[in-house]
Structures are given as structure tokens and as C-alpha cells.
Colleague: 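Below is one structure. I have some questions about it.
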Amino acid sequence: MQSVDWDAIVTALAGVEVITDATQVAKLSQDYHTFSPVLVPLLSGKTGDLVARPATEEQVIQVAKTCVKYKVPLTVRGAGTGNYGQCVPLHGGVILDTTRLNAIRWVKPGLACVQAGVKLAALDKQAREIGWEMRMAPSTYRTATIGGFIGGGSGGIGSITYGQLRDRGNLHALRVITMEDEPRVIELRGDDVHKVNHAWGVNGIITELEIPLGPAYPWAELIVAFNDFMAAAKFGQALGDADGLIKKLICICASPIPSYFAAFKNQIPEDRPCALLMIAESCLEPLQGLISQYGGSICYQKSAQEASKGTSLAEFTWNHTTLHARNVDPSLTYLQTLFPNDKDLKLVEHMYHHFRDEVMMHLEFIRVNGAAIPAALQLVRYTTEERLNEIMRYHEDQGAFIANPHTYIIEDGGRKHMDPQQVQFKEMVDPYGLMNPGKMKTLVKSKAQ
Ligand code: FAD
């Protein structure tokens, strides 16, 4: 970057909360890429120059306009819980922290309108007051923002019923601020929302969203222990396919993963694979039949009322499984895999036996095009980057889809290539290429080139 007059920038940001303290700025430049031993050295020491915390859309426009005027990079940040260095600024500049944009505009049956910095748990709480809830949430729902979930997430607890964020109907509308000389507010509705969905903040600053809701159930939380991993996995598939059983979460952990859950040390029998479940309370009785069919036994159960106090089981699933395991053994890392639609789970079984303890199986069932399919965030005993790549290649060669979590380049992760619609939109809304530069490798026409 050419020399930048930061004093002039701070003056131009008058009225907006600005943080210039180097320690604070460095802290607000981080995310959870630390789960990846490959990303840590690549992103070490990358920080912004200052953090701006706009409290209104007008202030967001003021920040955007200032960055364009002085040609400094702008990286949008929600809660910074992303896993791929998504909001780590590679080339310094301004970090736009959205957490003060935290108004819930309205909640009505089936739909809510919120500002981007609203925490997922806050929306869920308010929606539940009228009998609705978020359709899906990452296991970081207590801290993550809705803008960050749309900008960087994919799905989570609830995805067994509603699919993923990219599925039509899971995001209704967005308001986006452009990075043009005169920033504009653009409203995207219907299929146009995908111009910005999961774009890692490279093509517009989301300020407001309309998010669909699902009916809220009292969710019971259960852990079911099994005698062998494939019985647990096949139980997960059968529950995913059971149309009459209302569920929010089907997480299957091979042994020794449950031993990393200190909170359940006294409940989960040693060396046993288990299923972590969220099931509508009204479905507990018919669920028992399915559990018996696969030889499982319930070793932990909380009613919805009991589960509403303290830590939810959900915070042991998805990438929280990795977090708990890394608390015990920080050398562990993980994969992100989507297995093919096969009710016999042959490829899951093959990988389970092929890699044994080196790649510990952790499945999360999700709905993909109407079918329940195991996604996986397997835990890996990391040795070298070469071996990690070899493991991922082996999965791909055998027909599994890998969304590589060890890269900070969008296209090299789950995407593989940028949606041409998004590239075109980026050319329009970010003509100087200032938004989160370095994260997208597809070349775009830029006035700066
Ligand atoms: P940030 O990390 O702050 O941002 C994510 C990306 O979105 C960045 O590229 C940022 O620039 C962009 N962005 C943020 N706000 C905006 C905005 N207003 N406009 C434009 N772009 C924006 N993810 C899942 O999908 N499912 C999971 O179950 C899940 N579990 C996790 C568990 C753990 C323990 C951890 C550490 C992470 C997990 N994640 C998961 C990843 C992450 O927590 C979620 O995707 C979360 O929703 C990100 O929200 P955030 O506010 O922290 O976003």
C-alpha cells in the first residue's frame, strides 16, 4: 500500500467509533483459522490499521466512502468466528466491525428483518417469543452475527431439516452498501441474494437482511451410545430419513472423540461411539424404537426446559467438536467433507477403516436436495501439510467432496470456482478492488489495475 494519511482518515470518520490501539486492532483482525496448522503461519502478523464500528447505515456509508477516497482496503468483520481467515485483513486497512448494527427491525411468523450485526442467539430468542426460531445456526450461534453467517457460513444445527444457506428460500433479502466513489444502497431480493451470499465480504457490505424462520419446537437433547461406529452412523442415516421424527441435530462421533467432551465424562461410556441429538420432545417415544433397532442406549437426556439452562449439546457439535478436541490435544486439526448420497454409507465405512485413528470420524447429517446425507468434520492427527493434502486427495479420488478448510482463498475452499454472477456484481460494487483483497483469485476488472 502507498503511504496513507491515517490522520486524515480518522478525521473523515468523525462521529464513527474508531479504534486505533494496536493491541485491540490486532485482536479484531483475528478469527478461528487457528484450527488449521496450514493457515496459522500464512496469516501470522496480518492486521488492519484501524477498526471502525459504525452504529447506523449512514455511518457504514461514511466508512465506505472514506476507504474509497483514500484507496485503503476494507475488511468487514462480524464476530470473527470464521475458520478460514475470512476476516483477517491480508493488506491492512480498515476493519469494519458490524457489531453495533444490532437492531432487530421486526419478527413475524416465518420471517424476520435484522441488521447485520445481530447475534444469531438474540434473533432466536426474540423469534421464540412468537413461536418461531432460526431455521439453522452454526454452533457459534451465541457469538456469531447474522451478517457473518451469511457472509462466511454454510449451515449447521437445523440443516438436517432446512438444508444449507445456499438453498433457495433460506435467505430472502439483503441490503448492501457499495464501495463506489459515491457508495449506494442496493436491495437484493429473490435469487439476486446469491450475488452476495457466502462471498466473504468481497462484494458489498451487508447492513440488513430478511431471514426466514421455522416453527419453534421444544427440543430435547440426548446422547445415545452405540457398540460400534457403523451402527451409530446407520442410526444417524435412518433418523435423517425418518420423515415422521422431528429433529434439529444428528451428530455422530466415533470413539475416541466423545472422550474429548469433558462435560460428559461421567455420562458417555468409555470407548463408545455416540450420537448427539436434538429431537422434538413429542417425538421421544417413537425415537426409542429406532434407538433399539440399532442397539443404542441413551446415556444423557435433558428436556427442552432443562436444556435451556447451561450449555447446549449443540455446542459440542459441528466445529465445536473440533474446538473441544483441540482443547485436549492442540495438535489436532480437521477436514470438511460431504459424502455421497448412499443409504448404506459405504464410503463412510471405507474411510473409517482406511484411516483408523488418524482421521477420526465425525458426521453431521444435513439435507441436500431433499435427501439426508452425512457431511463430516473429521478430526485429523496432523503430521505434515503433505500428508493432510494426501488425505484430502484420497477422499476426493474415492468420490467424497472436500471443502478444504486449510486455505484462505474462496475458490480453493468449498466453492471451487466463483459464481459468474458474484464476479459481475463485484466489478460493479467494488470497482477499486478494496474489499477483503487477496481472498478471491478470480480476476475481476478493477479501476485500480
Ligand atoms: P465473521 O467471522 O466475522 O465473518 C465471516 C465472513 O463474512 C468474513 O469474510 C467477513 O468479511 C464476512 N462478513 C461478515 N459480516 C459481513 C457483512 N455485514 N457484510 C458482508 N460480509 C460480511 N460455520 C457454519 O456455517 N456452521 C457451523 O456449525 C459452524 N461452527 C463453528 C464452530 C466453531 C467452534 C467455530 C470457531 C466456527 C464455526 N463456524 C461454523 C464458522 C463461523 O462461526 C460461522 O460461519 C459464523 O456464522 C460466522 O459469523 P461471524 O459473525 O463470526 O462472521
Side-chain angles (χ1 to χ4, degrees), residues 30-41 43-44 79-85 138-144 156-157 221-229 232-233 236 249-278 299-302 307 310-337 348 351-364 374-385 387-388 391-392 395 404-406:
Q30 289 301 305
D31 68 3
Y32 280 79
H33 68 271
T34 42
F35 285 13
S36 165
V38 178
L39 289 178
V40 168
L43 297 176
S44 155
T81 66
N83 285 119
Y84 328 122
S139 56
T140 46
Y141 59 90
R142 280 209 279 174
T143 43
I157 301 132
E221 301 188 345
L222 291 87
I223 303 179
V224 183
F226 291 85
N227 288 328
D228 77 275
F229 170 73
L249 177 71
I250 308 174
C251 164
I252 309 291
C253 296
S255 175
I257 296 174
S259 69
Y260 297 127
F261 303 151
F264 302 117
K265 206 170 173 275
N266 298 328
Q267 278 92 14
I268 305 176
E270 223 173 296
D271 295 331
R272 299 270 291 277
C274 64
L276 279 61
L277 309 173
M278 287 174 78
C299 56
Y300 170 92
Q301 183 169 343
K302 271 192 173 174
T311 307
S312 164
L313 200 58
E315 288 176 270
F316 290 84
T317 68
W318 288 85
N319 229 2
H320 266 78
T321 310
T322 316
L323 183 138
H324 290 288
R326 281 176 48 80
N327 282 344
V328 177
D329 179 353
S331 72
L332 296 174
T333 188
Y334 71 115
L335 301 180
Q336 292 182 150
T337 310
V348 170
M351 294 299 175
Y352 173 71
H353 291 299
H354 183 81
F355 288 108
R356 296 170 178 267
D357 197 47
E358 187 183 12
V359 180
M360 294 169 264
M361 202 53 97
H362 162 203
L363 305 177
E364 296 286 349
L377 293 100
Q378 306 95 316
L379 293 177
V380 178
R381 294 196 191 278
Y382 182 75
T383 46
T384 63
E385 189 177 345
R387 176 61 183 155
L388 186 62
I391 293 170
M392 289 194 282
H395 278 77
N404 183 2
H406 304 284

Colleague: Can you see which heavy atom on Arg326 is nearest to which on Thr34, and at what distance?
Modeller: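 Reported closest heavy-atom pair: NH2-O, 3.0 Å.
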
Colleague: I need the single residue from Cys274, Pro258, Cys299 that forms a side chain to side chain contact (heavy atoms under 4.5 Å, CB included) with Pro269. Which is it?
Modeller: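 Going through Cys274, Pro258, Cys299 one by one, the side chain to side chain contact (heavy atoms under 4.5 Å, CB included) with Pro269 is satisfied by Cys299 alone.
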
Colleague: Quick check: closest heavy atoms across Leu39 and Tyr84, and the distance to 0.1 Å?
Modeller: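 Scanning both residues, the minimum pair turns out to be CD1-CA, 3.8 Å.
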
Colleague: Hey, does Leu313 have a side-chain heavy atom less than 4.5 Å from the side chain of Leu277?
Modeller: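 They are not in contact (no side-chain heavy atoms under 4.5 Å apart), so the answer is no.
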
Colleague: Counting only heavy atoms not in Arg356 (residues, nucleotides, ligands), do more than 12 fall under 6.0 Å from its CZ?
Modeller: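 Counting neighbours around CZ of Arg356, 12 or fewer heavy atoms of other residues, nucleotides or ligands fall under 6.0 Å, so no.
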
Colleague: Can you tell me how the ring of Phe261 sits relative to the ring of Phe264, calling it parallel under 30°, perpendicular over 60° and tilted otherwise?
Modeller: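 Taking Phe264 first and then Phe261, their aromatic rings stand perpendicular (interplane angle over 60°).
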
Colleague: Considering non-hydrogen atoms only, spot the tightest contact between Gly80 and Tyr32 and give its length.
Modeller: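 Closest approach of Gly80 to Tyr32: O-CD1, 3.6 Å.
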
Colleague: Are the side chains of Leu363 and Val348 in contact, using a 4.5 Å heavy-atom criterion?
Modeller: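 They are in side-chain contact.
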
Colleague: Taking it one step at a time, do Ile223 and Gln267 satisfy side chain to side chain contact (heavy atoms under 4.5 Å, CB included)?
Modeller: CA-CA 9 Å; Ile223 303 179; Gln267 278 92 14; 5.7 Å; no

Colleague: How long is the straight-line distance from SG of Cys251 back to CE of Met278, given to the nearest 0.5 Å?
Modeller: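 Met278 atom CE to Cys251 atom SG measures 12.0 Å (nearest 0.5 Å).
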
Colleague: Would you mind reporting whether Ser139 and Ile157 have side-chain heavy atoms less than 4.5 Å apart?
Modeller: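 Ile157 vs Ser139: side chains touch.
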
Colleague: Side-chain contact, heavy-atom cut-off 4.5 Å: Arg387 with Val380?
Modeller: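 Not in contact.
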
Colleague: If you define the side chain from C-beta out and look only at heavy atoms, does anything of Tyr300 sit under 4.5 Å from Leu276?
Modeller: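 A side-chain contact under 4.5 Å is absent here.
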
Colleague: Can you measure from NE2 (His362) to CG (Leu335) and round to the nearest 0.5 angstrom?
Modeller: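 So the NE2 of His362 and the CG of Leu335 are separated by 12.0 Å.
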
Colleague: When you measure from the side chain of Thr140 to the backbone of Thr143, do you find a donor-acceptor pair of N or O atoms at a distance under 3.5 Å?
Modeller: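 Not confirmed, Thr140 side chain does not pair with Thr143 backbone.
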
Colleague: Just so I know, are the side chains of Tyr260 and Met360 near enough to count as touching, which here means a heavy-atom distance under 4.5 Å?
Modeller: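 Tyr260 reaches Met360 side chain to side chain.
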
Colleague: Supply the atom-to-atom distance His395 NE2 to Asn404 CG, rounded to the nearest 0.5 angstrom.
Modeller: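 Rounded to the nearest 0.5 Å, the NE2-CG separation comes to 12.5 Å.
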
Colleague: Indicate yes or no: at least one non-hydrogen side-chain atom of Trp318 is less than 4.5 angstrom from one of Leu377.
Modeller: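 Touching, per the 4.5 Å side-chain cut-off.
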
Colleague: Taking all atoms of both residues into account, what is the closest heavy-atom pair of Tyr141 and Ala314, and its distance?
Modeller: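 That closest heavy-atom pairing would be CE2-CB, 4.2 Å.
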
Colleague: I need the Ile391 CD1 to Thr383 OG1 distance, nearest 0.5 Å.
Modeller: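 Here the interatomic distance stands at 6.5 Å.
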
Colleague: Kindly give the heavy-atom pair with the smallest separation between Asp357 and Pro256, and that separation in Å.
Modeller: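 Closest approach of Asp357 to Pro256: OD1-CD, 3.8 Å.
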
Colleague: How about Phe355: does its CZ atom have over 12 heavy atoms from other parts shown lying under 6.0 Å from it?
Modeller: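 Atom CZ in Phe355 is crowded, with more than 12 foreign heavy atoms closer than 6.0 Å.
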
Colleague: Applying the side chain to side chain contact (heavy atoms under 4.5 Å, CB included) criterion to Arg272, which one of Val224, Asp228, Asn227 satisfies it?
Modeller: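 Option passing the side chain to side chain contact (heavy atoms under 4.5 Å, CB included) with Arg272: Asn227.
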
Colleague: May I ask you to decide if the ring planes of Phe35 and Tyr334 are parallel, tilted or perpendicular, using 30° and 60° as cut-offs?
Modeller: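 Phe35 and Tyr334: perpendicular rings.
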
Colleague: Once you round to the nearest 0.5 Å, how far does OG of Ser255 lie from CD1 of Ile268?
Modeller: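 Between Ser255 OG and Ile268 CD1, I get 10.0 Å after rounding to 0.5 Å.
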
Colleague: Drop me the distance from Thr317's OG1 to Ile250's CD1, to the nearest 0.5 angstrom.
Modeller: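 Separation between the atoms: 11.5 Å.
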
Colleague: For a side chain to side chain contact (heavy atoms under 4.5 Å, CB included) with Gln378, tell me which candidate from Thr322, Thr337, Thr333 qualifies.
Modeller: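 Per the side chain to side chain contact (heavy atoms under 4.5 Å, CB included) rule, the option paired with Gln378 is Thr337, out of Thr322, Thr337, Thr333.
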
Colleague: Examine the side chains of Asp31 and His33 and answer whether a donor and an acceptor come within less than 3.5 Å of each other.
Modeller: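 On atom types as modelled, these side chains qualify, holding a pair under 3.5 Å.
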
Colleague: Judged by atom type as modelled, is there a donor-acceptor pair below 3.5 Å linking the side chain of His324 to the main-chain atoms of Glu315?
Modeller: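 Answer holds: yes.
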
